[in-house]
Asker: 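My structure is below; once you've seen it, I'll send some questions.
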Amino acid sequence: MSMAVTKQQTGRVSTTKTIVGTGIGNAVEWYDWAIYATFTPFIASQLFSKADPASAVLSTLAIFAVGFVARPFGGFLFGWIGDRVGRKTSMTLAVGLASLGSLMIGIAPTFASVGAWASLMLLVARLIQGLAHGGELPSSQTYLSEMAPKEHRGFWATLIYTSGTVGILFGTLLGAVLNMTLTAEAMNAWGWRIPFLLGAAMGLYALNMRSRLHETDAFEGESLAEKRAPLWPQIVRHRKQALQVIGLTVGLTVIYYVWGVVAPSYATTALKIDRGEALWAAVIANIVFIAALPFWGKLSDRIGRKKVLWSGAIGSAVMHFPMTWLLKDSAWQLAVGMSVMLVFIAASAAIVPAVYAELFPTSIRTVGVGVPYSICVAVFGGTAPYLQQWLGTTMGVPQLFNIYAVVLLAVSAAFVFTIPETMGKDLTH
């Protein structure tokens, strides 16, 4: 009896370590990207020339997009580490690198003091963070999916976007609090650096937590020959699955970055909604998103992955135009629009980590997901904020971007037809 209790307690401790270790590292990396989007106006004013404010904002958003260029390289590098050395090692290294990038932004000198060197340091920091984030998502998704009980894998998979959104929410809340408590002069002078320095500190804590995790049974169960098998032939052999990852991701990544990440900043710069009110609207919407994620995850464990994926893609496509038309000049409109869209976005976001993991065998699971996913996010997600700003503000045709987003969602919906129903698949092969 005592041995059974001890094993049960050990299992609970192991589960807690898995959830906390995976979740906090993922949250830190998403927090890093969210605060960059949130504090774009301050970064633009401090690390770029003030002679042309509009150009400075566009340059800051361009570096946001450039950070995504490093993601495919991160997906391959950390995917290789994950499939050859271990999921745990890959996750630990990724969060450590992300912490370094955040520190660099937090201590970067201003444009007024060193000129273009300030912009260059920002660029290097974002490339480092892009490399780390390109490895973070596939590594943590694979680790979590392999650690999860197969009958609850959809529910466990929701931790990726739940923890990530907690990171975004914390960054957004921090922005709102700083906006309320500091003057505009203080924010421009030093206040905007606080979130980045805090991100660096949290990253070090996450690194320590991940170093204590156990490796997955699926990876440990592989033979040495399987772990050393050449990757490239396996990548070529699973090219169909790689294309499926891209197809399923393309609509989700664009619509998520538009509504889940940059909407408050866009509302502030393009629609002139009060910055503080926009941030609080985002807080409300992200709480709704967190609440929706476990619902969709549990539902996918009951009715299957494909039905839930269709609900997310089609629902987001149908609601995108109405919610865009609703958003004009008020923070309540932003809160409603973001909340409605994030409920449908949550359907896909909740379970794609499980879906991706179920498409690939153990020997190529991390890099097989990481490379195509990172390429897709870099090409489509990373450019979404810039395209939205450029087409809306510079070109004056915001509807073109909206059509673009809906078309990509239709592509993702179509790709759901191509995947098998993988609910409950054994991941040890």
Side-chain angles (χ1 to χ4, degrees), residues 21-48 60-71 73-74 77-78 90-111 117-137 139-140 163-178 187-211 257 261-262 265 279 374 377 381-382 385:
T22 306
I24 192 168
N26 196 51
V28 167
E29 295 222 22
W30 289 47
Y31 163 88
D32 288 338
W33 289 75
I35 57 175
Y36 187 94
T38 300
F39 290 88
T40 288
F42 297 103
I43 297 171
S45 68
Q46 293 301 302
L47 303 186
F48 291 90
T60 307
L61 289 174
I63 287 183
F64 183 85
V66 167
F68 284 79
V69 174
R71 284 192 174 203
F73 299 98
L77 173 62
F78 288 96
S90 181
M91 291 166 57
T92 304
L93 292 174
V95 78
L97 199 61
S99 180
L100 173 62
S102 192
L103 177 64
M104 288 176 65
I105 297 175
I107 63 174
T110 64
F111 188 91
W117 288 104
S119 309
L120 180 62
M121 186 168 177
L122 176 67
L123 175 61
V124 172
R126 291 299 295 168
L127 287 172
I128 288 174
Q129 288 186 321
L131 194 70
H133 206 64
E136 163 64 25
L137 226 55
S139 299
S140 59
S163 60
T165 306
V166 168
I168 291 174
L169 190 57
F170 180 64
T172 305
L173 274 169
L174 183 59
V177 170
L178 289 174
M187 279 294 292
N188 276 308
W190 53 268
W192 67 273
R193 298 181 184 273
I194 294 174
F196 294 99
L197 296 174
L198 187 59
M202 291 190 299
L204 290 176
Y205 176 72
L207 188 151
N208 179 59
M209 289 291 295
R210 286 187 167 182
S211 67
Y257 272 98
V261 178
V262 301
S265 181
L279 290 175
S374 299
V377 172

Asker: Answer yes or no: is there a donor N or O on one side and an acceptor on the other, between the side chain of R126 and the main chain of I105, under 3.5 Å?
Answerer: no
Asker: Supply the atom-to-atom distance Y36 OH to W192 CH2, rounded to the nearest 0.5 angstrom.
Answerer: 9.5 Å
Asker: Going from NE2 on H133 to CG on L97, what distance comes out if it is rounded to the nearest 0.5 angstrom?
Answerer: 12.5 Å
Asker: Taking C-beta and beyond as the side chain, do V28 and S102 meet within less than 4.5 Å on heavy atoms?
Answerer: no
Asker: Do L47 and M121 pass the side-chain contact (heavy atoms from CB on, under 4.5 Å) test, and can you show the C-alpha distance, the side-chain angles, and the key distance before you say yes or no?
Answerer: CA-CA 9 Å; L47 303 186; M121 186 168 177; over 6 Å; no
Asker: Check whether any side-chain N or O of T110 sits under 3.5 Å from a backbone N or O of Q46 as a donor-acceptor pair, and report yes or no.
Answerer: no
Asker: When you compare the side chain of I43 with that of L122, does any pair of heavy atoms fall below 4.5 Å?
Answerer: yes
Asker: If you apply the rule side-chain contact (heavy atoms from CB on, under 4.5 Å), what do you find for L207 with S99, and how did you get there?
Answerer: CA-CA 9 Å; L207 188 151; S99 180; over 6 Å; no
Asker: Check S139 against F78 and note the closest heavy-atom contact, atom names and distance.
Answerer: OG-O, 4.0 Å
Asker: For the atom pair CG (L198) and CZ (F170), what is the distance rounded to the nearest 0.5 Å?
Answerer: 5.0 Å
Asker: Suppose we screen for side-chain hydrogen bond (donor to acceptor under 3.5 Å, both in side chains). Which residues come up paired with S374, at least two apart in sequence or across chains?
Answerer: none
Asker: Got a second to check how far S211's OG is from L93's CG, nearest 0.5 Å?
Answerer: 11.0 Å
Asker: So, E136 side chain and V95 main chain: donor-acceptor pair closer than 3.5 Å or not?
Answerer: no
Asker: Among residues at least two apart in sequence or on other chains, which ones pass salt bridge (charged side-chain N to carboxylate O under 4.0 Å, His left out) with E29?
Answerer: none
Asker: Can you list everything that forms a ring-ring contact (aromatic ring centres under 6.0 Å, His included) with F196? Sequence neighbours excluded, please.
Answerer: none
Asker: What are the two closest heavy atoms between I35 and G171, and how far apart are they?
Answerer: CG2-CA, 3.8 Å
Asker: CD1 of I194 to CE of M187: how many Å apart, nearest 0.5 Å?
Answerer: 8.0 Å
Asker: I need the W30 CH2 to L137 CG distance, nearest 0.5 Å.
Answerer: 6.0 Å
Asker: Quick check against the 3.5 Å criterion: does R210 have a side-chain atom that pairs as donor or acceptor with the backbone of G21?
Answerer: yes
